[in-house]
Amino acid sequence: MQQNTLKMTLAALVKIAAFDALKHLFPDTDISASAITVNQTKPEFTGDYTIVLFPFVKLLRMKPDILGTQVGEHLLATSDLFSEFQIVSGFLNLTVKDSYLNTFLTENFTNSSFGIQHPVDHKVMVEYSSPNTNKPLHFGHLRNIFLGAAVSEILTANGKKVIKANLVNDRGIHICKSMVAWKNYGEGATPASSGIKGDHFVGDYYVKFNEVYKKEIAGLTAAGMDEKTAEKEAPIMLAAQAMLRKWEAGDEATRKLWETMNGWVYEGFDVSYKNLGVSFDHVYHESETYLLGKKIVEDGLNKGILFRKEDGSVWIDLTDDGLDEKLLLRGDGTSVYITQDIGTAQLKYNDYGLDQSVYVIADEQNYHIQVLKLILKKLGEPCADGIFHLSYGMVELPTGKMKSREGTVVDADDMMAEMVNMAREQTEQAGKTEGFTAEELNNLYRTIGMGALKFYLLRVDPKKRMIFDPKESIDLHGYTATFIQYAHARICSILRKENIPVTGTATQLPQLSGNVTLEKAEKDMILHMEQYPDILKDAADSFNPASICNYTFQLAQLFNTFYDVHSISKAESEEKKTLRLMIVIMTASTLRHAMGLLGISLPEKM
RNA sequence: GGUCCGGUAGCUCAGCUGGAUAGAGCAUCAGCCUUCUAAGCUGAGGGUCAUUGGUUCGAAUCCAAUCCGGAUCACCA
């Protein structure tokens, strides 16, 4: 029992206590736990947690003051949590005992698994990144990648078994475009011979293709052809299509070129992924999965769930679900995008026996995923129920959508370099480079730059689209990773001076006597840290890393205020010093843990 | 046209399972470094929570309608 109550957060305990009190005081009234609202007390009132009395005022036909007094007195008498209560017009404000918070702090300040849930039997795959192999990653991909990586970590911290997957789109007309352009204009160049990173190298030929294509269309229309026909008849487009046919027929030379060029891209991606600090447990390739799904479709046809039209194409009727008819196989028997996805969904499920499968995909595919899930359900596939679309808004430029064909993209590698560079400029400008080796400085710039980039993209609710103005760049002040990193570095500086290991979890400090009085800034910090397990759980339930950003920023803010008003090394008493060291040690480790989930590391010096 | 998502301070965003006088950051202005890192802290100004109606003791939050912005409804992927 003791064990259990310690693991619950205050907010949960207050709610239970309130429920028990009401049931005890009014045994004849039917009171539901869901009617109890517990909030944090607004700063302008005395108290820490507030129980809203209005619902019960009505139910019990009592005046708020009388009801609140009865509940409050009962809570003080029966629970060890509260030191006092006040009633302000229908709100019962409870003050949490300092001794409770001191005990919490003593027990958890070196607890490296604070907030982490016990493992549960729940396997979830998170698919993210999922690039095409005809061009490098751009800024929009970064949102996807950081989201997928962060959600994976958050789910893991909540006890789930996570498989991180990447589904690489390594085949199709877009790759053939790069291949044709390289064949025609590459003159045998390679990433090594040109000194260009592989993914950029191949991407350059994709751009080249579109340049030539545009010119050819212009030439044809000038010669009197209408635009639609010209788009179809442009020689370079015909060449790309021929290339795709040869690829599908398994033509050796084509396959070889394809493998070579994809290989270049993978080398480039590997560098980018490494710089981004992300990894995958399983990489699926579309060239291996694109023929899957046909059998499932044929089974569905036999079962009468699907139907065939006169031209031989296979369809599903979703009009009863408010959607349209959807094509699943072309008249010539070849599969379409969704056919592949049906097959891949089943493959993933069979590979791991998944309870859940998260697709991190931009919101432009909301309809597609909705249809996919519905079709799988109608086909009776067991993987259907576990599918969850983590839909996120596109990252746009002030000028509109990023179009790699037109070269109006913010390149991911460029962006990373730019951020690291900004971190360098800021550090130099602030004159904070003393006492670092050149290597330490480079690491610091990376930590700050990449942290700022990740935080910038993760702090916004995923489903909102965001407009990124490269000219305005990204701030390193205010609601940023830098702010949090700085708070951490300050704590580490204090700990160094006290000869306490900054990342050590085995720190020994004297026992607190139990009756240390907490000042506001101290109490605020402990109360906030105490909520961390709930925040982590909410972030997992809502698949939203932004709530972690928010929480972490607030904790850093509380620390900065605390740091400003209270001295740690020169505390008023030894006991106060111990208390503050505990607070600060736990703050640092909570910041590290939370930011670690987002893939952001915190420097010990900056 | 159907469906889905968004609209909160000059800008970028929290808050949305209904609760007290709607919060941060940036920007602007005014203060704070002989004392643990000023990448920080304190304070000020800045709001018709798109609009209208409804439900409720109570609405930024729930419901309906309208307006604005976006996405999508392909034998593309």
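By convention in this document, chain letters (A, B, ...) are assigned in the order of the sequence lines, proteins followed by strands, and residues within each chain are numbered from 1. Note that this is a predicted model, so its numbers are computed, not measured.
- Rounded to a whole angstrom, the distance from the C1' atom of B:U52 to that of B:G10 is 27 Å.
- Comparing A:F54 and A:E604, the nucleotide of RNA chain B nearest to each residue sits closer to the 5' end for A:F54.
- If you take atom P in B:C41 and the same atom in B:G47, they sit 25 Å apart, rounded to whole Å.
- Between A:L374 and A:L323 the shortest heavy-atom distance is CD2-CD1, 3.7 Å.
- Taking atom CZ of A:R580 as the reference point, atom C1' of B:C36 lies 12 Å away to the nearest angstrom.
- In this structure, the CD1 atom of A:I467 is 9 Å from the C1' atom of B:G69, given to the nearest Å.
- For the pair A:K605 and A:F436, the distance from NZ or CZ to the six-membered ring centre is under 6.0 Å and the angle to the ring normal is within 45 degrees.
- Contact between A:S178 and A:N134 at its shortest, heavy atoms only, is OG-O, 3.5 Å.
- Both the sub-6.0 Å distance and the 45° axial angle are satisfied by A:K348 relative to the ring of A:Y359.
- Between the side-chain ring of A:F91 and the base of B:A20, a stacking contact exists by the 5.5 Å and 30° definition.
- Comparing B:U37, B:G19, B:U35 against the side chain of A:R496 picks out B:U37 as the nearest.
- Rounded to whole Å, atom C1' of B:A74 lies 15 Å from atom CG of A:D341.
- In this structure the side chain of A:L59 reaches within 4.5 angstrom of the side chain of A:I31, judged on heavy atoms.
- Residue A:Y367 places its side chain closer to B:U72 than to any other of B:C36, B:U72, B:A20.
- For the pair A:V409/A:F139, no side-chain contact is recorded, criterion being any heavy-atom separation below 4.5 Å from C-beta on.
- With a 3.5 Å ceiling on both atom-pair distances, B:U34 lacks any Watson-Crick or G-U wobble partner.
- At B:A71, none of the side-chain N or O atoms of A:K463 fall inside 4.0 Å of OP1 or OP2 (strictly under the cut-off).
- Between the side chain of A:D170 and the main chain of A:E286, a donor-acceptor pair closer than 3.5 Å is present.
- Base orientation for B:C33: syn, the chi torsion being within 90° of 0.
- In this structure, B:A74 makes no Watson-Crick or G-U wobble pair, since no nucleotide meets both defining distances under 3.5 angstrom.
- Residue A:V52 is classed as a base contact, given a heavy-atom separation below 4.0 Å to a base.
- Within the 4.0 angstrom heavy-atom criterion, base atoms lie near A:H566.
- A:K326 has no side-chain polar atom (N or O) that falls below the 4.0 Å cut-off from OP1 or OP2 of B:C73.
- When both distances must be under 3.5 Å, the Watson-Crick or G-U wobble mate of B:G18 does not exist.
- Residue A:R465 has its side chain nearest to B:G69 when only B:G69, B:A77, B:G19 are considered.
- For B:A20, its base sits under 3.5 Å from the side chain of A:N93 at one donor and acceptor pair at least.
- Going from the P atom of B:A9 to that of B:C49 covers 10 Å, rounded to whole Å.
- B:A20 and B:G58 have their C1' atoms separated by 10 Å, with the value rounded to a whole Å.
- Under the Watson-Crick and G-U wobble criteria, each requiring two contacts below 3.5 Å, nucleotide B:A39 is left unpaired.
- Taking atom P on both B:G18 and B:A77, the two are 44 Å apart, rounded to the nearest angstrom.
- For the pair A:Q40 and A:S493, nearest-nucleotide mapping onto RNA chain B gives the more 5' position to A:Q40.
- Between A:T447 and A:Q485, the shortest heavy-atom contact is O-NE2, 3.1 Å.
- Across B:U17 and B:C11, the matching P atoms stand 26 Å from one another, rounded to whole Å.
- Counting to the nearest Å, the C1' atom of B:A20 and the OH atom of A:Y49 are 18 Å from each other.
- Under the Watson-Crick or G-U wobble criterion, with both distances below 3.5 Å, B:G45 has no partner in any strand shown.
- B:A59 and B:A64 have their C1' atoms separated by 15 Å, given to the nearest Å.
- No salt bridge links A:E298 with A:K294; every basic N to acidic carboxylate O contact stays at or beyond 4.0 Å.
- At least one side-chain nitrogen or oxygen of A:K42 sits closer than 4.0 Å to the OP1 or OP2 atom of B:A20.
- The residue A:Q370 sits apart from the nucleic acid: no heavy atom pair falls under 4.0 Å.
- To the nearest angstrom, C1' of B:U56 lies 7 Å from NZ of A:K58.
- Rounded to whole angstrom, the span from the NE2 atom of A:H368 across to the P atom of B:C73 amounts to 10 Å.
- When distances run from any side-chain atom of A:D311 to the nucleotides B:G69, B:C75, B:C5, the shortest one goes to B:C75.
- If you measure from atom CD1 of A:I361 to atom C1' of B:C5, you get 17 Å, rounded to the nearest angstrom.
- Contact annotation for A:K497: backbone-only contact, meaning every heavy-atom pair under 4.0 Å involves sugar-phosphate atoms and none involves a base.
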Stepwise side chain to side chain donor-acceptor pair (under 3.5 Å) test for A:Q365 and A:Y337: CA-CA 12 Å; A:Q365 297 206 36; A:Y337 180 42; 2.9 Å; yes

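- At B:C36, none of the side-chain N or O atoms of A:K577 fall inside 4.0 Å of OP1 or OP2 (strictly under the cut-off).
- Cation-pi geometry between A:R490 and A:Y563 is met: the NZ or CZ atom falls under 6.0 Å from the ring centre, inside 45° of the normal.
- Using C1' as the reference atom, B:G7 and B:A14 are 15 Å apart when rounded to the nearest Å.
- Of the nucleotides present, B:G10 is the one that pairs with B:C26 by Watson-Crick or G-U wobble criteria, both distances under 3.5 Å.
- Across all strands shown, A:P462 has no heavy atoms under 4.0 Å from either base or sugar-phosphate atoms.
- In this model, the phosphate group of B:C76 is approached by a side-chain N or O of A:R330 to a distance below 4.0 Å at OP1 or OP2.
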Sequence-aligned protein contact record of nucleotides 38-46 of chain B, with B where the base is within under 4.0 Å of a protein heavy atom and S where only the sugar-phosphate is: SBSSS----

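- At a cut-off of 3.5 angstrom, the base of B:A20 holds at least one donor-acceptor pair with the side chain of A:T50.
- Side-chain atoms of A:E364 lie closest to B:U72 of the nucleotides B:A20, B:U72, B:A77.
- We find that CG of A:D534 is positioned 14 Å from C1' of B:U17, with the value rounded to whole Å.
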